[in-house]
Amino acid sequence: MPDFVFEMYLWRVVLNALSILFGIISAVLWWYGTRNVSYENEIARRKKLAKPGNKPNLAGITITDGGESYELIATLRSQARWNRLGAGFAMAAVACQAIQNIWALT
């Protein structure tokens, strides 16, 4: 087998493995992004970030579900962050697959 054929095969294997890895990371990030931020955790975060001598802004929108309270804005902010990362890894997985398919045509 000529070296260039082996190198092309090796690159396809590497791209396929990267695509699988990026896809798994993407799925984990999107799954992690489904969690809610509890009201208590958000209040503790705001108090911790407050400047000395200033009262923290504790206003927010709270949703109660099954006896647990969730802070809506903090939940949406957290979900947006994790979904953005998940989408980035999904994009990388698709890019690896596209490159691999383009090479298959040559």
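Heads up: numbering here begins at 1 and tracks the sequence. No hydrogens, no waters, no symmetry mates; every other heavy atom, side chains included, goes into these values.
Within the 3.5 Å criterion, the main-chain N or O of Asn101 finds no donor-acceptor partner in the side chain of Arg12. In this structure, Thr75 contributes its side chain and Glu71 its backbone to a donor-acceptor pair below 3.5 Å. In this structure a side-chain-to-backbone donor-acceptor pair under 3.5 Å is present from Ser26 to Gly86.
In this structure, the side chains of Val37 and Tyr70 stay at 4.5 Å or more apart for every pair of heavy atoms. Contact check for Arg45 versus Glu40: no side-chain heavy atoms found under the 4.5 Å cut-off.
Taking CZ from Arg81 and CG from Leu76, the interatomic distance works out to 12.0 Å, rounded to the nearest 0.5 Å. Between Leu18 atom CG and Gln100 atom CD the span is 10.5 Å, to the nearest 0.5 Å. Note that the CG atom of Leu85 and the CD1 atom of Ile25 stand 11.0 Å from one another [nearest 0.5 Å]. The distance from the CG atom of Leu72 to the CD1 atom of Ile63 is 4.5 Å, given to the nearest 0.5 Å. Here the straight-line distance linking atom CE of Met91 with atom CZ of Phe22 works out to 10.0 Å at 0.5 Å rounding. If you take CD1 on Ile43 and CG on Leu58, they are separated by 4.5 Å, rounding to the nearest 0.5 Å.
At a cut-off of 3.5 Å, with distance as the only test, a side-chain donor of Asn41 or Ser38 sits close to an acceptor on the other residue.
Taking all atoms of both residues into account, the shortest heavy-atom contact from Pro56 to Lys47 is CG-CG, 3.9 Å. Heavy-atom minimum distance, Gln97 versus Ser19: NE2-OG, 3.0 Å.
If you chain together hydrophobic residues whose side chains sit under 4.5 Å apart, Phe89 and Val14 fall into the same group. Cluster annotation: Tyr32 is connected to Leu21 through the hydrophobic network of ILVMFWY side chains, with a link wherever side-chain heavy atoms come within less than 4.5 Å. Hydrophobic clustering, with ILVMFWY side chains joined whenever heavy atoms are under 4.5 angstrom apart, groups Trp11 together with Ile99.
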Original post:
Would Arg35 and Trp82 satisfy side chain to side chain contact (heavy atoms under 4.5 Å, CB included), going step by step from the backbone distance to the final call?
Top reply: CA-CA 10 Å; Arg35 67 186 176 85; Trp82 293 108; 3.5 Å; yes

**OP:** I would like to know whether Glu42 and Ile73 meet side chain to side chain contact (heavy atoms under 4.5 Å, CB included); could you show each step before the answer?
**Re:** CA-CA 10 Å; Glu42 179 60 15; Ile73 303 300; over 6 Å; no

